[in-house]
Amino acid sequence: MKLVSLYGVGRDDSFRTACPVCGNTLIGDAEKGEEVCPLCGYVTSAPADSGPEWKAMDMEEKNRRVRVGAPTTLALHDMGLTTEIGRSGRDSRGKYLDPSMRTNMEKLRKWQSRSRTSTSEERGLSNVLGKMGELCSALNLPDNVKETAAKIYRDSAKRKVAKSKSIIGMTAATVYLACRKCGVSRTLKEVARAANMDKGSVARYFRLVLKEVEKEYVPPPSVEKYISKLVNTAKIDPKVERLALSLAGRATDPKITSGKAPAGLAAAYVYLSSVMYGAHLPQREVAEFAEVTEVTVRNRCRDILENFVIRQEFSPAK
DNA sequence: ATGGTTTTTACTGCGTC
DNA sequence: GACGCGGTAAAAACCAT
């Protein structure tokens, strides 16, 4: 199999920008008109962005506007809306309170913070959302995924789906579903690993949540997403990524794609592309980063080479 | 539960550095 | 001889029914 130099090498990748979060190369997402970072999942125009909707132009403006308070967020059980009773010991005009009033305020504060998470549902919610936050940061997920996960969990709680279900199971399932909804490529395996669960039970919870809350099927991330992620985590030359992506974009033959695990396909494209550039990554490594076996990589390669265009479109001979 | 499909496991042979 | 690669058979995992 001699594929080297079948494909033109000089390609322009100057339009690429770097991810502000982790510094990786962003890839464009044509359908949605946004750019995403395949490694950390950062999206340039995040739909569920929880940041403040204003931008302070100078200190004065900041001071004026800061009183609108923190932006609401679904990832906190009370959406970040709560009254804090300060401990400054002064009244509204800045005068010091007398000692008896101070002890009163102490009591009030105590009860305020207690009542904040008073009902059992509220306590459960804040517990789950906390776990969810941990899981998200363990997986390096961006905020929009966290918000989506929180939204899903709230819905499921509303419908009593979460009743008498393991907390960690529900969080793992919602986080995984959120990844898929946001198009962030994290495998069930990865989520399960981060949550210290086995794949099977996460899958069970996931199906449950999918059926009860999400109703319609959410497709797993595309092969292209897998390719980008693979290239970035393995620190492969972006040129290889671009070739792999263009290859994947053209290989629409169902003989190649149907029923095949996207991770394996992505690995095959990346491997083939690296060979074409003469950058010869060992199958071993590509397979390892894609979390599939060499055998799978080989089989996918065989499918691609048998059915696909490398002969028709990429070879000068034909 | 089941059967069909895909992936993994485990092993072997070949060529090259 | 170690390494990368290709292949195969059988087991395991997955998925729709």
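In what follows, chains carry the letters A, B, and so on, assigned in the order in which the sequence lines appear, proteins first and then strands, with residues in each chain numbered from 1.
- Rounded to whole Å, the distance from CG on A:L272 to P on C:dC5 is 12 Å.
- Atoms CZ (A:R284) and C1' (C:dG6) sit 16 Å apart, rounded to a whole Å.
- Among the heavy atoms of the strands lying under 4.0 Å from A:A261 are primed sugar atoms or P, OP1, OP2 only; no base atom is included.
- Following rounding to the nearest Å, A:L281 (CG) and C:dC3 (P) show an atom-to-atom distance of 18 Å.
- Sorted by first and then second residue, the ring pair (Phe, Tyr, Trp, His ring centres under 6.0 Å) pairs involving residues 123-152 of chain A (not counting sequence neighbours) form an empty list.
- At distances below 3.5 Å, at least one donor-acceptor pair connects side-chain atoms of A:K229 with backbone N or O atoms of A:S185.
- In this entry the distance linking CD of A:E294 with P of C:dG6 reads 10 Å, nearest Å.
- Residue contacts for A:R207: at a heavy-atom cut-off of 4.0 Å it reaches no nucleic acid atom on any strand shown.
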Sub-3.5 Å pairs of nitrogen or oxygen atoms, protein against nucleotides 8-14 of chain C:
| unit_1 | atom_1 | unit_2 | atom_2 | d |
| --- | --- | --- | --- | --- |
| C:dC14 | OP1 | A:K199 | NZ | 2.9 |

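- Looking at residues two or more places apart in sequence or on another chain, you find a ring-ring contact (aromatic ring centres under 6.0 Å, His included) between A:F206 and A:Y176.
- Atom pair A:H280:NE2 and C:dC3:C1' shows a separation of 12 Å (rounding to whole Å applied).
- Annotation: side-chain hydrogen bond (donor to acceptor under 3.5 Å, both in side chains) contacts of A:D155 (sequence neighbours excluded): A:K151.
- In this structure, A:K260 and A:D303 have side chains that are in contact, with non-hydrogen atoms separated by less than 4.5 Å.
- The span of DNA chain B lying next to chain A, judged by atoms under 4.0 Å from heavy atoms, is bounded 5' to 3' by B:dT6 to B:dA10.
- The list of salt bridge (charged side-chain N to carboxylate O under 4.0 Å, His left out) pairs with a residue in residues 261-286 of chain A, not counting sequence neighbours, reads A:R284-A:E288, A:R284-A:E294.
- Rounded to the nearest 0.5 Å, atoms NZ (A:K131) and CD1 (A:I167) are 6.5 Å apart.
- Panel note: side chain A:S258, backbone A:K255; no donor-acceptor pair is recorded below 3.5 Å.
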